[in-house]
2 protein chains.
Amino acid sequence: MKRKRTSKRKTTVTIHDVARAAGTSPSTVSRVLTGSANVSAAKREAVLEAIQAVGYAPNLLARGLKTQLTYSLGLILNDIQSPFFSAAAKGAQDCAMQRGYAILLCDTGEEPAAQKRCLEMLRAKQVDGVIFAPTTGAAMILDSFLQAGTHFVQIDRQVEGLPISSVVVNDDQASYEAVHHLIANGYRRIAILTSELSVTTHDRRLGGFKRALSEAGLALPDSFVLRGRTSSSDGYRLAHKALSYSRRPDALFVTSSRLGVGALRAIRDARLRVRDDIGIVIFDDIPAFALMHPSITAVRQPAYEIGWKAAEIIIESLESEEPPPPQQVVLPAELVIRESSVPRR
Amino acid sequence: MKRKRTSKRKTTVTIHDVARAAGTSPSTVSRVLTGSANVSAAKREAVLEAIQAVGYAPNLLARGLKTQLTYSLGLILNDIQSPFFSAAAKGAQDCAMQRGYAILLCDTGEEPAAQKRCLEMLRAKQVDGVIFAPTTGAAMILDSFLQAGTHFVQIDRQVEGLPISSVVVNDDQASYEAVHHLIANGYRRIAILTSELSVTTHDRRLGGFKRALSEAGLALPDSFVLRGRTSSSDGYRLAHKALSYSRRPDALFVTSSRLGVGALRAIRDARLRVRDDIGIVIFDDIPAFALMHPSITAVRQPAYEIGWKAAEIIIESLESEEPPPPQQVVLPAELVIRESSVPRR
DNA sequence: ATACGTTCTGAAATCGTTTTCAAAAGCCGG
DNA sequence: CCGGCTTTTGAAAACGATTTCAGAACGTAT
């Protein structure tokens, strides 16, 4: 069933209608619209009035076709429902809106196939640039787009070795500090729950974790590095396993909030108590952590700022004469100390 | 600083290039692209090959300009960061994606001015339809757009008296059941925290609340209806006030999760304990409520389904010959019973 | 071979803008 | 009142597709 043009009844009022109403030509109307060239005060006035009178609104499709500029940005996320990404989306949206750009939202659900489809659609829609959180397999798809001259900024994760700007947090250092904080508070047998996938974020968080441990001269048994998919069910599974060890850890460092939520459930189900029986710090803060009892110490990422900054970088790069070289922005993540990591005993 | 066309280096490969490579005319290429008319097997083959060879991707701007169809939908939300709206966004996105539509995201932050700007931008971008959660002042703005023939679906709230489809939940009935549940569990002095704005959602939730009370023959002192802005700080303020009454309520019914979060903090700060000292049920479930201790009874809205259904309605209406009459879809909200409303005493 | 009805095909118009180009209009001093 | 400026202006050519229209090619019946 195809759509009938007729049934839409779109009252398309064009630049020609304005011209007629103002007693001038489309060219002149366009000139006052874009504010580009000289046009006499009288005509300008007439045109402005006519625009009001006939209720004209420019057709951005037509304009974009001519100017090759659409003033819209693609935003590709893994999961808009996660607080991190929705905050990033809001940041990007606010920045874009302020500068007159629109945001085309794509949610890949972390699937490479969907990611590919999104990129293709965005290209077809002629977006000026794309902000995106890469999923596995991004590198090869991206390559062809870069040649087409599309501007990109990656957030959260990085595909390394590509000449693309990125906005991320200091995963390594923030993790180091979080684990250091646990150690300083007397925890000694610290296990880590992390992703099985080798993505930059998790790799670096694991790196910071190890650094803190070795610096404090603490051992890290292989069994204390638990890897799984970043779902809350795998968080549960991994934590359950860790807690079943005969010499179980006295604290957990968890590298994602979804893993963390599952881990907390596992702790509760094991009849253990956060704080009294086991310490925990989770990378990526979510509102629930502040409300829980006891509240959960977490590493807060400036998600809103990440989204905003990404939009800003892309817009600046679009609007500058000579596209600036790719820049790597690293924003600080902040350890929010709450009750789940109080000094031991 | 204006953008230079030259600096983009967009290698725009058009339908003409394909035609040349295939040794035919642009018309024929277009025909195989749209699959509309008859074209010989030989030519079709040649065109398909040429498309691959030159790496052609259609320019949706140009197509949209000609066909008046952009295959994109606007999505206007009050706050993408709220779990309700981000789930709705995901639902809308998934449905749209599946049917070949893109989503233009707008976040108004509940501000009428932003809402207006969003609508204007969406119109200029020639979106085929708009899914939106109206904020105050939507009625008059909308009017002009309806005349322009844009398709609309409202979600969450309703502007009444407009010939627009909507997808909402059964606010009244679900609230009735939630309050009935409190009463059945022995609570007698139930106060309500709700919005000061007269928006349909909150009005109906208040309605269901009153209905349950009067049906049970329970009194409702004026002081037990507390109204404020739907922020967590106002939730705190209102709950604090309610708890300070000499004869304080033995349960709270809260009509939004943000108010609820504030109320929970107020309860804790008053050194009262949810469940032992005071019952609470919150309209709109968020992940935190399941994780808290004690966990919070809440009314779960099918947010994802709301978004999906809204997209579906708009796409069907767009693609049908004769636009169907506006429909009002009411999805069921579900009471999720947890610990915060266990039987009294 | 001619005429006719299909099926295929390409030239050209169109969608609503912007932008180039050249002509028109205004201003100035002589 | 006229040449030589600079502003203003409108006609027309893009932008990259789709679609109308009319002609070409082809098969078949006469």
Side-chain angles (χ1 to χ4, degrees), chain A residues 2-6 8 10-47 50-51 54-71 123-126 128 148, chain B residues 2-6 8 10-47 50-51 54-71 123-126 128 148:
Chain A
K2 277 288 170 179
R3 276 186 254 170
K4 291 285 281 238
R5 167 80 184 87
T6 49
K8 294 204 76 174
K10 273 231 171 118
T11 7
T12 30
V13 27
T14 78
I15 209 174
H16 290 88
D17 302 321
V18 176
R20 192 168 331 112
T24 179
S25 75
S27 330
T28 304
V29 177
S30 171
R31 277 188 268 261
V32 355
L33 246 36
T34 61
S36 58
N38 296 337
V39 30
S40 70
K43 289 259 171 191
R44 155 167 287 115
E45 199 56 37
V47 166
I51 287 179
V54 303
Y56 168 80
N59 181 328
L60 263 33
L61 253 51
R63 179 179 295 174
L65 178 58
K66 181 63 186 172
T67 61
Q68 309 283 37
L69 259 38
T70 59
Y71 287 90
R123 171 161 64 159
K125 287 238 188 273
Q126 313 289 118
D128 295 337
Chain B
K2 278 286 170 179
R3 276 187 252 172
K4 291 288 281 238
R5 167 81 185 87
T6 48
K8 293 203 78 172
K10 273 233 171 115
T11 7
T12 30
V13 26
T14 79
I15 207 174
H16 289 88
D17 302 321
V18 177
R20 193 170 328 113
T24 179
S25 74
S27 330
T28 304
V29 177
S30 171
R31 276 188 270 261
V32 354
L33 245 38
T34 63
S36 57
N38 297 338
V39 30
S40 71
K43 290 259 171 192
R44 153 166 290 114
E45 200 55 37
V47 167
I51 286 180
V54 302
Y56 169 79
N59 181 327
L60 263 33
L61 254 51
R63 179 180 293 174
L65 178 59
K66 179 64 185 172
T67 62
Q68 309 282 32
L69 260 38
T70 58
Y71 287 90
R123 170 157 68 155
K125 287 236 187 275
Q126 313 290 114
D128 295 338

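Protein chains get the first letters and strands the later ones, always in sequence-line order, with residue 1 at the start of each. Values below: all heavy atoms of this structure, side chains included; hydrogens, waters and symmetry mates excluded.
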Below 3.5 Å is the cut-off: list the nitrogen or oxygen pairs between protein and nucleotides 10-15 of chain D, distance only.
unit_1, atom_1, unit_2, atom_2, d
dG10(D), OP2, T24(A), OG1, 2.5
dG10(D), OP2, S25(A), N, 3.2
dG10(D), OP2, S25(A), OG, 3.3
dG10(D), OP2, T28(A), OG1, 3.0
dG10(D), N7, R31(A), NH2, 2.6
dG10(D), O6, R31(A), NH1, 3.3
dG10(D), O6, R31(A), NH2, 3.3
dA11(D), N7, S27(A), OG, 3.4
dA11(D), N6, S27(A), OG, 3.2
dA14(D), N3, K66(A), NZ, 3.0

Worksheet item: Which residues satisfy the side-chain contact (heavy atoms from CB on, under 4.5 Å) test with L60(B), sequence neighbours excluded?
Response: A124(A), K125(A), P58(B), R63(B)

Worksheet item: Within less than 4.0 Å of OP1 or OP2 of dT7(C), is there a side-chain N or O belonging to N38(B)?
Response: no

Fill in: With sequence neighbours excluded, residues passing side-chain contact (heavy atoms from CB on, under 4.5 Å) with A22(B)
T24(B), A46(B), V47(B), A50(B)

Worksheet item: When the C1' atoms of the five terminal pairs at each end define the local axes, what inter-axis angle does the helix from dA1(C)-dT30(D) to dG30(C)-dC1(D) show, to 10 degrees?
Response: 60°

Practice prompt. Quick one: list whatever passes side-chain hydrogen bond (donor to acceptor under 3.5 Å, both in side chains) with T34(B), sequence neighbours left out.
Written response: S36(B)

Worksheet item: Hey, what do you get for NZ (K43(B)) to CG (N38(B)), rounding to the nearest 0.5 Å?
Response: 15.0 Å

Worksheet item: Does S40(B) place a side-chain N or O at less than 4.0 Å from the phosphate oxygens OP1/OP2 of dT9(C)?
Response: yes

Look for any protein N or O under 3.5 Å of an N or O in nucleotides 22-26 of chain C and output each such pair with its distance, or none.
none

Fill in: Pairs meeting criterion salt bridge (charged side-chain N to carboxylate O under 4.0 Å, His left out) with involvement of residues 15-41 of chain B, two or more places apart
D17(B)-R20(B)

Response to the item:
Sorted by chain and residue number, the side-chain contact (heavy atoms from CB on, under 4.5 Å) partners of I15(A) (sequence neighbours excluded) come out as P26(A), V29(A), S30(A), L33(A), Y56(A)

Worksheet item: Rounded to whole angstroms, how far apart are CD on E45(B) and C1' on dC8(C)?
Response: 17 Å

